[in-house]
Amino acid sequence: MRSIPRLSDLVRSASDSTSDIAALPPLLFESANGNSSDYSLIHSKPAILRKLNEIQRSRVQFRIHLFVDGEEVGVYNSSIQRVDGKNGTVILHQLSPNTWRAHIVRKQPVTISCYLKSGHLVFDTLISPLDDEVHNPFCELQLPASMHVQQLRSSYRVMLLPNTASVELRIGRHLIHGKCLDLSLNGCCAQFPPSLADLLRENDEPSAGWLLRVYHEGRELFLTNARICRKKEEVAGLLTVGLNFSKAEAERNRVLQPLLVGLQRERIRQQPLLD
């Protein structure tokens, strides 16, 4: 069975029933997804409890990836019955399929992966039967020490696939072209040849003389005024530039908002943790 990407020392021995949840390291998102910038890592207990309560209120099913001795032995579905913040536990509804009883006999490491309307969240924790009864249908999770949270919101910054988007920037009489790396309602990140460093100067306000066209998959999306808010030279020699768009424009947002949400939902659907 396929292994879910985790830190090599994550899995504790199945005989160790005293493992402390705080000692579990976070998921290795850099290896799992190539780029972890879409995810924010939360450690605050109140913030984690809010997310768990959101799962409970939404009554959504999530996936439980179970590990024994470093190997994934099963993937189960369940939902949250009750969040007990005082005792640091999460009581689950019955897991399916019911083959979980052959593997979950004491505290064991799992990865939880859950879709919410607000986005995707993933965390590592420990699972165990709720009590010692042989026919007990329920399990409980330990409150996780941290969560990786990916938000879906209208102004979300979406990382674009390589070579799918480009920009055309007119600065006075100069017309330059570059690659578009990411996009949001408020701006984008682009790469240009380093020879343009003097021309691509940072400015405080979007200038009427700086016109930016953004293209995605060969189609022009919009034309807007822009300013450069940051720039840095990459190791490969390319110049990476952050561009801020002018204040909200109805026509630009009408085009961008559904595109961004669609691209981000597609990216979440392709996350390898849910393959």
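Residue numbers count from 1 along this sequence. Remember, predicted model here, so these are calculated numbers, not experimental data.
With sequence neighbours excluded, the residues that form a side chain to side chain donor-acceptor pair (under 3.5 Å) with His177 are Glu168. Qualifying side chain to side chain donor-acceptor pair (under 3.5 Å) partners for Ser78, counting only residues two or more places apart in sequence or in other chains: none. Remark: Asn98 pairs with no residue by the side chain to side chain donor-acceptor pair (under 3.5 Å) rule, at least two apart or across chains.
Ring to ring, Tyr115 and Phe62 are not that close: their centroids are 6.0 angstrom or more apart.
The backbone N or O of Gln81 lies less than 3.5 Å from a partner atom in the side chain of Gln56, making a donor-acceptor pair. The main-chain N or O of Gln191 is never found under 3.5 Å from a side-chain atom of Thr240 such that the two would form a donor-acceptor pair. Listed for the Arg252 side chain is no donor-acceptor partner under 3.5 Å among the backbone atoms of Leu221. A donor-acceptor contact shorter than 3.5 Å is absent between the side chain of Asn87 and the backbone of Thr89. In this structure, the side chain of Lys51 does not engage the main chain of Leu121 through any donor-acceptor pair within 3.5 Å. A donor-acceptor pair under 3.5 Å is formed between the side chain of Gln108 and the backbone N or O of His103. No side-chain donor-acceptor contact under 3.5 Å links Ser58 to the backbone of Ile55. A distance-only check finds no donor-acceptor pair linking the side chain of Asp84 to the backbone of Val90 [under 3.5 Å].
Closest approach of Trp210 to Leu199, counting heavy atoms only: CH2-O, 4.1 Å. Shown here for Pro194 and Leu238, the closest heavy-atom pair between the two residues is CD-CA, 4.3 Å. Taking both residues in full, the closest heavy atoms of Ala165 and Leu160 are given as CB-CD1, 3.5 Å, listed atom of the first, atom of the second, then distance.
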- Item | Candidate pair Leu143 and Leu141, rule side-chain contact (heavy atoms from CB on, under 4.5 Å), full reasoning | CA-CA 6 Å; Leu143 197 69; Leu141 301 175; over 6 Å; no
- Query: Which is it for Phe245 and Leu185 under the side-chain contact (heavy atoms from CB on, under 4.5 Å) test, yes or no, and what are the steps along the way?
  - Reply: CA-CA 8 Å; Phe245 304 150; Leu185 284 180; over 6 Å; no
- Message: Pair Ile80, His93 - check side-chain contact (heavy atoms from CB on, under 4.5 Å), show working.
- Response: CA-CA 6 Å; Ile80 293 179; His93 287 286; 5.9 Å; no
- Task: Take Trp100 and Cys139 through the test side-chain contact (heavy atoms from CB on, under 4.5 Å) and record every step on the way to the result.
- Result: CA-CA 10 Å; Trp100 65 268; Cys139 289; 3.3 Å; yes
- For Ser113 and His65, run side chain to side chain donor-acceptor pair (under 3.5 Å): C-alpha distance rounded to whole Å, both residues' side-chain angles, the deciding distance at 0.1 Å, then the answer. CA-CA 8 Å; Ser113 181; His65 297 266; 5.3 Å; no
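Taken to the nearest 0.5 Å, the OG1 atom of Thr224 stands 11.5 Å off from the CD atom of Glu251.
Connection of Ile64 to Val60 is established within a shared hydrophobic cluster, with ILVMFWY side chains joined at heavy-atom distances below 4.5 Å, either directly or through further cluster members.
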